[in-house]
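Report on one structure; see the data block that follows.
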Amino acid sequence: MKQIPYMKTSILLLAFALLITGASANVLTIESGLVNSTSEMKSMNITIDSVPQGFSGYNISVTVDDPSVAIVDSVTYPAWAVLKDNSTLPSSSCWLKAVDTNDQITNVSTNVILAVITLQPLKGGTTTLLVSPTGLGIQDENDVPYSPTIVNGTFTVNVPVAPTAAFSANVTSGVAPFTVAFTDQSTGSPTSWAWDFDNDGTPDSTLKNPVFTYSAVGTYTVNLTAANDQGSDSEIKTDY
């Protein structure tokens, strides 16, 4: 009988092991969400698409990456979860844990909801929602800790925000008379602009993208104030 060289056998076994590992990959996901006002609470599921043999419970952490946009207000657990507990809420970061003492979740269960978090929006913007297992209470048949693939979510509060002023100019030096085209780069959807091209306290233009000619030789500080119904902001570029 023809013998397979040892090296080729090792490669075949490695490839087979990789196929098994790839097939057993599981995904832990925190749902994304959107609200249209800061008074609208939003609930989002934390799920795992499948579980390995020996699932007993979980201990996971949830973090709102930008706590100025939202915080975790509360958490609810599925009916199978007992001995459930979580850190103090509301909070921008918390841990959640529960145990499946009645073995209701098996390795054939799919899209298992581990918990449902409710977010309280605080201001307009978007933040990443980070989920991480801190001890899922799951091991494979060889007692190897279970490490799922993580899919983080986002939370968007779709309400107007005050602008953040910013601008640029096509040129910043030249021979007088010197004409400059200014470009508004403000964020937050401003609806009005006040340009002070020599920072003397008197607006020189209210256009979004004005053109101004400096007739006298000198060094000038430029001030842009951008505003909308939510507020205003100024950017000052000294000796610009």
Side-chain angles (χ1 to χ4, degrees), residues 14 16-35 38-123 125-157:
L14 176 61
F16 183 66
L18 290 173
L19 286 173
I20 294 176
T21 301
S24 62
N26 304 101
V27 181
L28 177 65
T29 302
I30 185 167
E31 193 175 17
S32 294
L34 180 148
V35 295
T38 53
S39 61
E40 180 184 354
M41 303 287 248
K42 181 67 175 181
S43 295
M44 285 164 290
N45 295 332
I46 300 174
T47 62
I48 192 163
D49 66 338
S50 61
V51 296
Q53 186 72 37
F55 177 87
S56 60
Y58 65 85
N59 187 353
I60 58 179
S61 67
V62 177
T63 301
V64 181
D65 191 49
D66 185 352
S68 69
V69 173
I71 56 176
V72 181
D73 180 78
S74 60
V75 58
T76 57
Y77 296 87
W80 59 262
V82 299
L83 301 177
K84 48 190 179 289
D85 193 13
N86 52 264
S87 56
T88 303
L89 296 173
S91 175
S92 61
S93 181
C94 62
W95 52 262
L96 320 170
K97 63 182 180 180
V99 178
D100 178 25
T101 57
N102 296 319
D103 296 327
Q104 298 184 54
I105 306 301
T106 69
N107 63 317
V108 297
S109 301
T110 59
N111 298 320
V112 178
I113 297 178
L114 302 180
V116 181
I117 63 168
T118 298
L119 292 189
Q120 176 186 344
L122 301 177
K123 72 170 188 178
T126 297
T127 180
T128 302
L129 304 177
L130 305 170
V131 60
S132 175
T134 57
L136 279 170
I138 305 172
Q139 294 180 328
D140 65 16
E141 60 185 1
N142 296 315
D143 292 330
V144 177
Y146 171 64
S147 299
T149 299
I150 303 297
V151 176
N152 295 313
T154 60
F155 182 60
T156 299
V157 184

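You'll find the side chain of Ser68 reaches within 4.5 Å of the side chain of Lys123, heavy atoms only. At a threshold of 4.5 Å between non-hydrogen side-chain atoms, the residues Leu89 and Asp73 do not count as touching. Pro67 is not listed as a side-chain neighbour of Leu122, based on a closest heavy-atom distance of 4.5 Å or more. Two residues are said to be in side-chain contact when any heavy atoms from C-beta on lie closer than 4.5 Å; Thr76 and Val116 meet this criterion. You'll find the side chain of Asn86 stays beyond 4.5 Å of the side chain of Cys94, heavy atoms only. Annotation: side chain of Ile117 is in contact with side chain of Ile30 (closest heavy-atom distance under 4.5 Å). The shortest distance between side-chain heavy atoms of Val64 and Phe155 does not fall below 4.5 Å.
Sorted pairs that involve residues 94-121 and meet ring-ring contact (aromatic ring centres under 6.0 Å, His included), not counting sequence neighbours, are lacking altogether.
Within the model, atoms CD1 of Ile46 and CD1 of Ile60 stand 4.0 Å from one another, a figure rounded to the nearest 0.5 Å. Here the CD atom belonging to Glu31 is positioned 5.0 Å from the CG atom belonging to Asn45, to the nearest 0.5 angstrom. Atom-to-atom distance recorded for Asn26:CG and Thr149:OG1 is 8.0 Å, nearest 0.5 angstrom. Going from atom CG of Leu114 over to atom CG of Asn59 covers 11.5 Å, rounded to the nearest 0.5 Å. Expressed to the nearest 0.5 Å, how far OG1 of Thr101 lies from CG of Asp103 amounts to 7.5 Å.
Taking Ala115 as the reference, Tyr58, Val75, Tyr77, Leu96 meet the side-chain contact (heavy atoms from CB on, under 4.5 Å) condition, with sequence neighbours excluded. In this view, Thr29 satisfies the side chain to side chain donor-acceptor pair (under 3.5 Å) rule with no residue, not counting sequence neighbours. Applying the side-chain contact (heavy atoms from CB on, under 4.5 Å) test to Leu34 and every residue at least two apart in sequence or in another chain returns Asn36, Thr156, Asn158. Ser43 is linked by a side chain to side chain donor-acceptor pair (under 3.5 Å) to Thr118, counting only residues two or more places apart in sequence or in another chain. Partners of Thr38 under the side-chain contact (heavy atoms from CB on, under 4.5 Å) rule, at least two apart in sequence or in another chain, are Val157, Val159.
For the pair Asp49 (side chain) and Val27 (backbone), a donor-acceptor distance under 3.5 Å is present. Gln120 contributes no side-chain N or O that, together with a main-chain N or O of Ile71, makes up a donor-acceptor pair within less than 3.5 Å. Using a distance-only test at 3.5 Å, with no hydrogens or angles considered, no donor-acceptor pair links the side chain of Ser93 to the main chain of Thr63.
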> Run the side chain to side chain contact (heavy atoms under 4.5 Å, CB included) check on Val112 and Trp80 step by step: do they pass?
Replying inline: CA-CA 10 Å; Val112 178; Trp80 59 262; 4.1 Å; yes

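Nearest approach of Thr106 to Val51, heavy atoms of both residues: O-CG2, 2.9 Å. Nearest heavy atom pair, residue Gly153 against residue Ser32, reads CA-OG, 3.4 Å. Minimum interatomic distance between Ile150 and Pro133 (heavy atoms only, all atoms of both residues): CD1-CD, 3.5 Å.
Considering Val131, Asp65, Leu129, Val62 as possible partners of Asn152, the one that fulfils the side chain to side chain contact (heavy atoms under 4.5 Å, CB included) test is Val131.
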